[in-house]
Amino acid sequence: MAPHPLIEKFRHAGQGQVFAFFDRLTPAAQTHLLAETAEIDLAEVAHLTRTLLAPGATAGVNLAGLTPAPYELRPEHGGDAAAWAQAKAAGEAALRVGRVAVFTVAGGQGTRLGYDGPKGTFPVTPLKRKPLFQVFAEKIHAAGVRYGRPLHWFIMTSHQNHAATEAFFAEHKFFGLDPARVHFFRQGRMPAVDFAGRILLETPGTLALSPDGHGGSLRALERSGALDLMAREGIDTLSYFQVDNPLVRCVDPAFIGWHLQRGSQMSSKMVPKAYPEEKLGHFCVQGGRLVVVEYSDLPMALQRETDAGGRLRYLAGSIAIHVLDREFIRHVARGEGMALPFHRADKKIPTVDAAGQPVKPAAANGVKFELFVFDALPFAKNPLVIETRRADDFSPVKNAEGVDSPQTCRDDQIRQFVRWLQAGGAAVETDATGLPSATLEVSPLFGYDEDSFAEAWKKRSPRPAVSDGLYLV
Ligand code: UTP
C-alpha cells in the first residue's frame, strides 16, 4: 500500500522521523498523529530552521540606532494633569458606550510557578484565596456596573488548559458574569524541533507541540471569530493583560482615553525600572519605530547607562499591558505586510529515543518557537507608551518563591488596599514598606481601583475598624 500522502510530504521535507513508530500505533493513534501533523506548516518550520537555527543565528538582535522611547509621564512626575484628566474622561465615555472589551492571555504553561492546573485557577488573594480568574471577573463585573455597560471578556487558552479553564468557569457559575459575554478560544501550537530543525516526538504517537506564545493571540483572535464578534457588538478597542497579574486594572479609563485620543493602533503601559538588572523588556525607538527590546537582548552596559540626572536611560520597562485597535489586530493576524517574527527558546523538551522510550533531558535538547505580542508595536500607527504606577498595575505571580511569587503578590495586594483605606482617612499602621501586621482584603465588587474604592468607602456607614481579617465587600 502506498504511504499516506502526509507521510510522503514529511519524508520529502526531511521530517520523516515523526512517523518512525507509525506502523506500531493503533489505528486510532495513527489517525491522531496524522491529524497533528496536518496542523504543521512545513514551509514555516523550514524557514524558522534556516533563520533561527543556522550557525550565527543566535548572535543577538540588531541594536543599531536604538534610543530610549518617549512616554507620557504621570502628573506627579511632571506630566500634564489636564491632559490626563481629559484622557480619563474620553476613556470613560468609550466605556459607557460599550466600545471596549477585555482580553486575558491565559495560554501559557506556567512552568516556573509549577502549579497543577490552569494558572488562572491559582488562589491569589490574601484572605479569601480567590483564584486569579475570579479577581478579574469581579473587576470586570464591577466596571460594567460602573459604566452601565457589561463588558465582553475574551480569554485565550491553550490546547492543554482549554477544557479545564471552561470547566472551572462553569463550576463557579462564571463568578456572576453573564456566560454569553465570556468567550474562550484556544491559541495555536507550534512543533518543537531539535537543534537541527527536526520536529520532535513527545511520545511515539504524538508530536512535541507547545503554545505559539502570547503573540499568537492576535492570529487566534482573528481565527476564532472574536474580532467579528467585536465588530458586530460595536467594540473597536481591546484591553489586553496577562493572567498572572491580579493587580492589573482590567479597564483603565485614562489608558483607553490616551489610546483613543492619539489615534493609536496599539498602546502600552510602562513602569520605571526599579533597578538596572530588573527583568523587564525595554521600550525603545529604532528607525522611527517603537520596539520592545527584551532584558536578555539589551547589553548590561546599556541597561546600566544613566542620564545627566543620574536616572537610567533605558528606564521604560514593559509590563505587558496594552490597548489594541480591533482592525489593527486583524491586519497583523492576516500578516498583511506585518507578520510577527518568531523567537527561539532553547528548552528541555521531553521526547523519545530511537527505540521509542521516553527521554527526560537534563539539558536543553531543542527549540520552541514563540511569537511575542509586543512585536506588533513597530507596525502600529501612532503607538503610545504611558507611565503607570507599578503599585496600581503590576505584581505578577511568576515563580513559586522569591521575586514575583505568591508571597510578593499577596503583600502588594495588601499594600494597595491599605493605601486606598488611608486615602479614605482610615488609620492603618504599617511598616516602612507599607505593609500592615493585619491581613485584609477588598473585594473588587466593593472597589476595584482608587476611584471606585473611594466612592464606596465614602458611602459605607458605619465604617469597619481596620483589623486582622477585615474583608470589605
Ligand atoms: P509567561 O511568559 O510568563 O509564560 O507568560 P508562562 O507560560 O505563563 O510561564 P512560564 O514561563 O512557563 O513559567 C506571560 C503571559 O502570557 C501568556 C501566559 O498565560 C501569561 O498570561 N501566554 C504565554 C500565553 O497565553 N500563551 C503562550 O504561549 C505564552
Side-chain angles (χ1 to χ4, degrees), residues 39 102-122 124 131-133 135-136 153-162 164-166 168 183-192 208-224 226 238-248 250 268-269 278-281 292 294-297 317-322 324 329 333 340-350 364 367-376 393-406 408-409:
E39 251 185 60
V102 190
F103 180 35
T104 308
V105 287
Q109 294 175 304
T111 10
R112 282 170 289 172
L113 183 61
Y115 170 67
D116 189 19
K119 212 177 193 181
T121 67
F122 183 77
V124 76
L132 283 153
F133 280 136
V135 175
F136 304 135
W153 184 14
F154 297 95
I155 299 173
M156 185 177 79
T157 61
S158 64
H159 281 71
Q160 284 101 320
N161 70 22
H162 186 83
T165 303
E166 281 195 327
F168 188 74
H183 314 278
F184 305 95
F185 58 87
R186 288 184 186 83
Q187 70 179 106
R189 309 190 272 190
M190 286 294 288
L209 294 169
S210 54
D212 59 359
H214 42 67
S217 62
L218 303 184
R219 25 195 217 186
L221 279 162
E222 157 83 340
R223 199 174 45 230
S224 66
L238 198 59
S239 178
Y240 170 110
F241 59 88
Q242 302 189 333
V243 75
D244 53 22
N245 178 23
L247 233 54
V248 69
C250 301
S268 306
K269 280 187 177 173
E278 190 179 15
K279 291 183 172 174
L280 295 178
V292 170
E294 286 190 275
Y295 58 84
S296 45
D297 288 331
S318 172
I319 51 172
I321 302 176
H322 310 284
L324 295 114
I329 298 173
L340 301 188
F342 275 97
H343 296 252
R344 92 178 245 185
D346 296 8
K347 299 265 177 173
K348 296 178 207 165
I349 300 157
V367 173
K368 290 184 179 180
F369 298 114
E370 287 191 334
L371 299 164
F372 296 158
V373 74
F374 54 70
D375 280 331
D393 253 323
F394 188 57
S395 184
V397 177
K398 297 278 186 200
N399 307 303
E401 281 174 6
V403 185
D404 295 341
S405 64
T408 56
C409 182

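All figures in this text were calculated on a predicted structure; none of them were measured in a lab. Every number for a ligand or one of its atoms is a count from 1 in the order of the listing.
For the side-chain contact (heavy atoms from CB on, under 4.5 Å) test with His162, the passing option among His159, Gln160, Glu166 is Glu166; the others fail. Here the options are Asp404, Thr408, Asn245, Asp244, the test is side chain to side chain donor-acceptor pair (under 3.5 Å), and the partner is Lys398; only Asp244 passes.
Contact record, Arg189 with Glu39: NH2-OE2, 2.8 Å, taken as the closest heavy-atom pair.
In this structure, Glu294 has no salt bridge (charged side-chain N to carboxylate O under 4.0 Å, His left out) partners at least two apart in sequence or on a different chain. Applying the salt bridge (charged side-chain N to carboxylate O under 4.0 Å, His left out) criterion to Glu370, with sequence neighbours excluded, gives no partner residue. Residues forming a ring pair (Phe, Tyr, Trp, His ring centres under 6.0 Å) with Phe133 (at least two apart in sequence, or on another chain): Phe169.
Protein residues having at least one heavy atom under 4.0 Å from any atom of ligand 1 are Val105, Ala106, Gly107, Gly108, Gln109, Gly110, Thr111, Arg112, Lys119, Met156, Gln187, Pro211, Gly213, His214, Gln242, Val243, Asp244, Lys398, listed by chain and number.
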